[in-house]
Amino acid sequence: MSTKTQNNPQRLTELRAKIDAVDESIHTLLMQRASVIDELILVKGADVQTGAAFRPAREASMMQTLASRHRGSIPLQMIIHIWRDIISTFTHLQANYTVHLTNEGDANRLRDMARFQFGFSVPIKNHDTSRRVFDAVTAEGNALAVIPLEGAGCWWQYLNSNAGLGIMARLPVIGSQSPDHHAFVISPPISDAAPYDVRCYAGTIKSADALLGWTGGEIIAISPDDSGKLHALIAISEGGTAPNNLIDIRAVGGYFVPINER
């Protein structure tokens with residue numbers, strides 16, 4: 001870029017005017033989106049349907065579409081974060097909900113992950129333990145929980161997606177981090193069945209090495225409860241098979257494969 005172009009006040013003024021025009025367009029479109037949501041609420045009656053606003057499959061599809069068409073110098077992570085905030089805020093407009101967090105594990109990191117996923121319009125409430133988090137979600141009926149993979153004990157022992165709480169998403173939704181930096185979004189039963197990429201199951205095992213050699217999926221975690229009984233949480237993708245020695249196996253939800261950051 002030449003010095004003449006760099007020091008051209010008129011060109012700078014023109015570019016700033018373009019930015020202002022783009023910002024106005026973005027704001028106008030967001031207000032138009034809100035008006036569509038207002039009409040959607042009337043059509044669906046979502047304000048009186050418990051959990052009706054949660055649509056993990058649609059959200060995952062939107063994120064994949066954004067990732068596939070994204071171009072330019074803006075980091076994809078920034079785009080996903082903006083749309084996560086938009087989706088979560090408009091979902092909150094359809095049916096108010098709270099996101100509950102546990103103080104166990106790395107509470108600051110967990111809160112950051114929750115804010116990335118749900119933005120700043122959705123209220124967040126902290127609890128001392130995952131058990132209290134799940135009690136709050138169950139009591140409200142239209143709430144979500146975010147629980148870390150590490151540091152909160154064997155919280156998956158409380159899940160049963162067929163009758164109660166189940167996994168809805170795995171965080172982070174973009175990029176890859178070490179397993180101890182993962183977390184899971186837990187929801188009450190969802191009215192629309194989600195065709196998850198990965199299905200999650202829980203059960204008990206007799207010993208820590210009971211699942212050695214199993215290649216039908218991922219062993220997410222194994223942890224003892226207060227009585228010492230071992231609980232396993234596993235993930236199975238399409239075509240995978242459950243282990244034979246997982247006792248009292250039950251479905252506990254699932255998640256869509258995270259987007260790989262470019």
Audit row: Leu165, Asn160, side chain to side chain contact (heavy atoms under 4.5 Å, CB included) steps and yes/no: CA-CA 6 Å; Leu165 304 178; Asn160 187 333; over 6 Å; no

Can you name the residues that form a salt bridge (charged side-chain N to carboxylate O under 4.0 Å, His left out) with Arg111, not counting sequence neighbours?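 Arg111 satisfies salt bridge (charged side-chain N to carboxylate O under 4.0 Å, His left out) with no other residue.
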
Tell me every residue that passes side-chain contact (heavy atoms from CB on, under 4.5 Å) with [X], counting only those two or more places apart in sequence or in another chain.
X: Glu218; result: Arg170, Ile220, Ala235, Tyr255
X: Thr89; result: Asp85, Ser121
X: Ile74; result: His70, Met78, Ile79
X: Glu238; result: none

Do [X] and [Y] come close enough that some side-chain heavy atom pair is under 4.5 Å?
X: Phe116; Y: Ile80; result: yes
X: Met113; Y: His182; result: no
X: Trp155; Y: Thr129; result: no

Take Leu110 and Ile147 through the test side chain to side chain contact (heavy atoms under 4.5 Å, CB included) and record every step on the way to the result. CA-CA 8 Å; Leu110 187 67; Ile147 306 294; over 6 Å; no

Going by atom type alone, with no hydrogens or angles, which donor-acceptor pairs under 3.5 Å involve a side-chain atom of residues 96-106 and a protein atom two or more places apart or on another chain?
| residue | atom | partner | partner atom | Å |
| --- | --- | --- | --- | --- |
| Tyr97 | OH | Ser88 | O | 3.3 |
| His100 | ND1 | His127 | NE2 | 2.8 |
| His100 | NE2 | Glu140 | OE1 | 3.3 |
| His100 | NE2 | Glu140 | OE2 | 2.9 |
| Thr102 | OG1 | Glu104 | N | 3.1 |
| Thr102 | OG1 | Glu104 | OE1 | 2.8 |
| Asn103 | OD1 | Asn126 | ND2 | 2.9 |
| Asn103 | ND2 | His127 | O | 3.3 |
| Glu104 | OE1 | Ser130 | N | 3.0 |
| Asp106 | OD1 | Asn108 | N | 3.4 |
| Asp106 | OD1 | Arg109 | N | 3.1 |

Please answer whether the main-chain N or O of Val257 pairs with a side-chain N or O of Asp197 as donor and acceptor at a distance below 3.5 Å.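 It does hold such a pair.
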
List for me each residue that meets side-chain hydrogen bond (donor to acceptor under 3.5 Å, both in side chains) alongside [X], sequence neighbours excluded, and say none if there are none.
X: Ser227; answer: Asp225
X: Asp209; answer: Ser207
X: Arg58; answer: none

Test: salt bridge (Lys or Arg N to Asp or Glu O under 4.0 Å). Region: residues 121-131. Which pairs qualify, not counting sequence neighbours?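 Every pair satisfying salt bridge (Lys or Arg N to Asp or Glu O under 4.0 Å) with a residue in residues 121-131: Asp128-Arg132, Arg131-Asp135.
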
Would you please classify the geometry between the Phe256 ring and the Tyr196 ring as parallel, tilted or perpendicular, with 30° and 60° separating the classes?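 If you compare the ring of Tyr196 with that of Phe256, the planes turn out tilted.
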
Which heavy atom of Pro258 sits nearest a heavy atom of Pro172, and at what distance?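 The answer is CB-O, 3.6 Å.
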
Can you confirm whether or not the ring centre of Phe184 sits under 6.0 Å from the ring centre of Trp156?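 No; Trp156 has its ring centre 6.0 Å or more from that of Phe184.
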
Please set out all donor-acceptor pairs under 3.5 angstrom arising from side-chain atoms of residues 23-38, sequence neighbours excluded.
| residue | atom | partner | partner atom | Å |
| --- | --- | --- | --- | --- |
| Ser25 | OG | Ala21 | O | 3.0 |
| Thr28 | OG1 | Glu24 | O | 2.9 |
| Ser35 | OG | Gln32 | O | 2.6 |

More than 12 heavy atoms from other groups under 6.0 Å of CD on Glu14: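 Enclosed: over 12 neighbouring heavy atoms sit under 6.0 Å from CD of Glu14.
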
For Asp20, does the CG atom have more than 12 heavy-atom neighbours from other residues, nucleotides or ligands under 6.0 Å away?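 For Asp20, atom CG is crowded (more than 12 foreign heavy atoms under 6.0 Å).
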
Under the side chain to side chain contact (heavy atoms under 4.5 Å, CB included) criterion, do Leu144 and Ile186 qualify, and how do the steps go? CA-CA 6 Å; Leu144 297 175; Ile186 311 299; over 6 Å; no

Hydrophobic clusters join Ile, Leu, Val, Met, Phe, Trp and Tyr when side-chain heavy atoms are under 4.5 Å apart, directly or via other members; which others share one with Ile222?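 Under the 4.5 Å side-chain rule, Ile222 groups with Tyr201, Ile205, Leu211, Trp214, Ile219, Leu230, Ile234, Ile236, Leu246, Ile249.
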
